[in-house]
Amino acid sequence: PLSTASLRADLARIYGLGLFEQVDYRWQAEGDTHGIEIDARAKSWGPGYMRFGLSLEEDFEGSSAFAISARYLQTAMNRLGAEWRTSLRLGTNTLLESEFYQPLSFDLRYFVAPIVSLNQRNVALFSGSDRLARYRLSTLESRIDVGRELGNWGELRLGIFRGAGNARVKVGDPALQRLDFNTGGYRASFGFDTLDDTVFPSRGSRYELELEFAREALASERDYETLISTYAGYRTFGRHTWSVGLDLATSNDADDIIEESYLLGGFLNLSGLDRGALAGPHAAVGRVVYQRRMGSTGGGLFDWPLYLGGSLEAGNVWATRDDVSFGDLVFNGSLFARFDTFFGPFYLATGFGESGETTVYLFLGATAN
């Protein structure tokens with residue numbers, strides 16, 4: 001017997017693949033034979049998709065950051081639904097990452113994904129609470145993951161990686177030596193995502209756990225382990241949306257490895273501080289964010305929903321696990337306005353630090369984080 005509820009759920013899952021403009025069904029009868037015809041109409045645009053983004057940050061104390069971003073997604077590359085995903089960011093922090101995502105069967109449960117990435121970012125070097133220098137860290141890395149999709153809500157990955165990089169002094173004593181390093185090891189990650197929207201979620205949650213095991217046998221400078229955990233949850237009551245988030249990072253035998261520093265600073269990541277203002281092998285940051293839908297900004301093409309909101313944030317970094325203390329937490333906050341525009345998400349925000357720091361943010365479109 002036909003279950004229309006199951007049929008509609010299956011059609012929704014097919015539509016959720018993002019390959020079809022419309023997925024529907026209709027009853028058919030030929031003589032005494034009855035059946036169902038499923039109409040899966042491919043998108044009239046694509047299968048390649050490009051998105052752009054722009055971000056500007058200014059703290060009015062001589063530190064600013066900018067980025068121009070682009071993301072390209074090529075879908076339906078073969079009968080199993082392979083995808084090619086590439087992210088590019090040019091600016092203060094540079095990123096080029098490309099992944100070829102290849103399902104291994106038509107049920108899309110298992111996949112293999114080779115990835116290549118080039119990353120350049122600024123990392124502060126501290127002695128206690130004193131900043132000694134700021135390094136420009138460059139890393140080139142390749143890895144291959146195998147994984148399993150967990151329904152339409154989660155993913156599990158296991159991978160192996162190799163890479164190389166260097167860190168040179170950007171601000172500080174020129175006598176400080178350039179650092180060259182190799183990376184290599186194993187990586188495991190687990191994540192789930194039940195958010196109702198990838199850009200402006202109003203309900204659901206997202207979590208990701210990433211474990212990295214660097215090994216000398218795979219060219220790493222030495223054996224060490226790192227852990228990064230991120231969580232965000234959303235609830236909406238009428239026009240009011242609340243979210244909470246908690247990010248944790250720690251390492252074992254990597255307290256003095258600059259390339260494994262976790263960075264704090266930036267919007268909703270201690271918003272009053274400029275991006276990467278704090279760096280260390282052990283870090284924590286929590287946030288509570290409130291936003292209220294105020295209405296729309298205009299009519300026609302410019303009928304954009306307007307939201308106003310703010311955040312409270314607390315976190316810090318520590319040089320060793322023994323130094324971790326709630327008494328050292330740094331408190332920050334932000335006020336922001338956001339729109340869901342024709343060109344993509346738009347944010348205008350101001351961050352505030354407990355010592356009087358102020359940073360202004362502007363984001364438009366898709367940004368490559």
Side-chain angles (χ1 to χ4, degrees), residues 50-71 87-93 95 121-122 195-202 206 232 234 236 238-245 247 263-278 285-315 330-369:
M50 180 75 80
R51 298 181 64 189
F52 296 94
L54 171 70
S55 66
L56 300 171
E57 304 176 18
E58 174 61 57
D59 70 355
F60 304 105
E61 294 184 359
S63 180
S64 60
F66 77 97
I68 299 174
S69 304
R71 289 180 177 177
S87 297
L88 172 66
R89 180 180 63 232
L90 300 175
T92 305
N93 292 341
L95 171 70
R121 56 180 180 152
N122 298 327
L195 300 180
D196 61 338
D197 190 280
T198 58
V199 179
F200 294 141
S202 61
R206 177 174 56 205
Y234 296 79
T236 295
R239 290 177 173 263
H240 310 276
T241 298
W242 291 87
S243 67
V244 295
D247 302 345
L263 306 184
L264 293 184
F267 185 51
L268 300 183
N269 198 38
L270 296 185
S271 299
L273 306 180
D274 59 292
R275 187 181 299 268
L278 300 179
V285 59
R287 65 191 66 85
V288 177
V289 183
Y290 167 78
Q291 50 195 316
R292 184 182 192 277
R293 177 163 179 157
M294 307 301 295
S296 299
T297 58
L301 179 63
F302 299 97
D303 187 23
W304 300 338
L306 167 65
Y307 294 81
L308 299 180
S311 68
L312 293 176
E313 308 148 34
V330 176
F331 292 89
N332 279 219
S334 73
L335 296 174
F336 61 85
R338 72 168 177 86
F339 311 90
D340 189 3
T341 75
F342 176 79
F343 307 99
F346 174 85
Y347 274 89
L348 181 62
T350 302
F352 307 96
E354 65 176 20
S355 299
E357 304 94 340
T358 301
T359 304
V360 175
Y361 302 91
L362 184 151
F363 305 101
L364 175 62
T367 57
N369 294 322

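Because the structure is predicted, anything quoted here is derived from the model rather than measured. Note that these values count all heavy atoms, side chains included, but never hydrogens, waters or copies made by symmetry.
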| query | Do Val289 and Leu268 have side-chain heavy atoms sitting under 4.5 Å apart? | reply | yes
| OG on Ser243 to CD on Gln291, rounded to 0.5 Å | 6.5 Å
| remark: Here the gap from Leu273 atom CG to Leu264 atom CG, rounded to the nearest 0.5 Å, amounts to 8.5 Å
| request: Please confirm whether Tyr347 and Tyr361 have ring centers closer than 6.0 angstrom. | output: no
| note | On a heavy-atom basis, the closest approach of Leu90 and Leu88 is CD2-CD1, 4.0 Å
| task | Please answer whether the main-chain N or O of Ser202 pairs with a side-chain N or O of Asp196 as donor and acceptor at a distance below 3.5 Å. | result | yes
| Can you list the residues that meet the side-chain hydrogen bond (donor to acceptor under 3.5 Å, both in side chains) rule with Thr350, with sequence neighbours excluded? | none
| query | Side chains of Phe363 and Glu57: closer than 4.5 Å at any heavy-atom pair? | reply | yes
| Phe52 ring centre to Arg71 NZ or CZ under 6.0 Å, with the angle to the axis within 45°? | no
| message | Strictly distance-based, threshold 3.5 Å: is any side-chain N or O of Thr241 a donor or acceptor partner for the main-chain N or O of Thr236? | response | no
| request: Enter the distance from Leu362:CG to Phe346:CZ here, rounded to the nearest 0.5 Å. | output: 4.5 Å
| How many angstroms lie between CZ in Arg338 and CZ in Phe200, if you round to the nearest 0.5 Å? | 4.5 Å
| Is the shortest heavy-atom distance from the side chain of Arg293 to the side chain of Pro305 under 4.5 Å? | yes
| field | Shortest non-hydrogen separation from Glu357 to Gly272 and the atoms involved | value | CB-O, 3.3 Å
| task | Decide side chain to side chain contact (heavy atoms under 4.5 Å, CB included) for Arg287 and Ser311; before the verdict, give the C-alpha distance in whole Å, the side-chain angles of both, and the deciding distance to 0.1 Å. | result | CA-CA 7 Å; Arg287 65 191 66 85; Ser311 68; 5.5 Å; no
| request: Nearest 0.5 Å please: distance from the CG atom of Leu364 over to the OG atom of Ser55. | output: 10.0 Å
| request: List for me each residue that meets side chain to side chain contact (heavy atoms under 4.5 Å, CB included) alongside Leu308, sequence neighbours excluded, and say none if there are none. | output: Met294, Leu306, Ala337
| field | Side chains of Phe66 and Leu54 in contact at under 4.5 Å (non-hydrogen atoms) | value | no
| task | Report yes if the side chains of Phe336 and Leu348 come closer than 4.5 Å at any heavy-atom pair, otherwise no. | result | no
| task | First locate atom CG of Asn332, then atom CG of Asn269, and finally report the distance between them rounded to the nearest 0.5 Å. | result | 9.5 Å
| Can you tell me if CD1 on Ile68 sees more than 12 non-hydrogen neighbours from other groups inside 6.0 Å? | no
| request: Measure across Arg206 and Leu195 and return the closest heavy-atom pair with its distance rounded to 0.1 Å. | output: NH1-CD1, 3.6 Å
| message | Using a 3.5 Å distance criterion without hydrogens, assess whether the side chain of Glu313 forms a donor-acceptor pair with backbone atoms of Leu270. | response | yes
| With side chains defined as the heavy atoms from C-beta onward, is the minimum distance between Asn122 and Thr92 less than 4.5 Å? | yes
| said: Looking at every non-hydrogen atom in both residues, tell me the closest pair between Ser334 and Phe352 and how far apart they are. | reply: CA-CD1, 4.3 Å
| task | Find out whether Ser271 and Thr359 are in side-chain contact, i.e. whether some heavy atom of one side chain is under 4.5 Å from a heavy atom of the other. | result | no
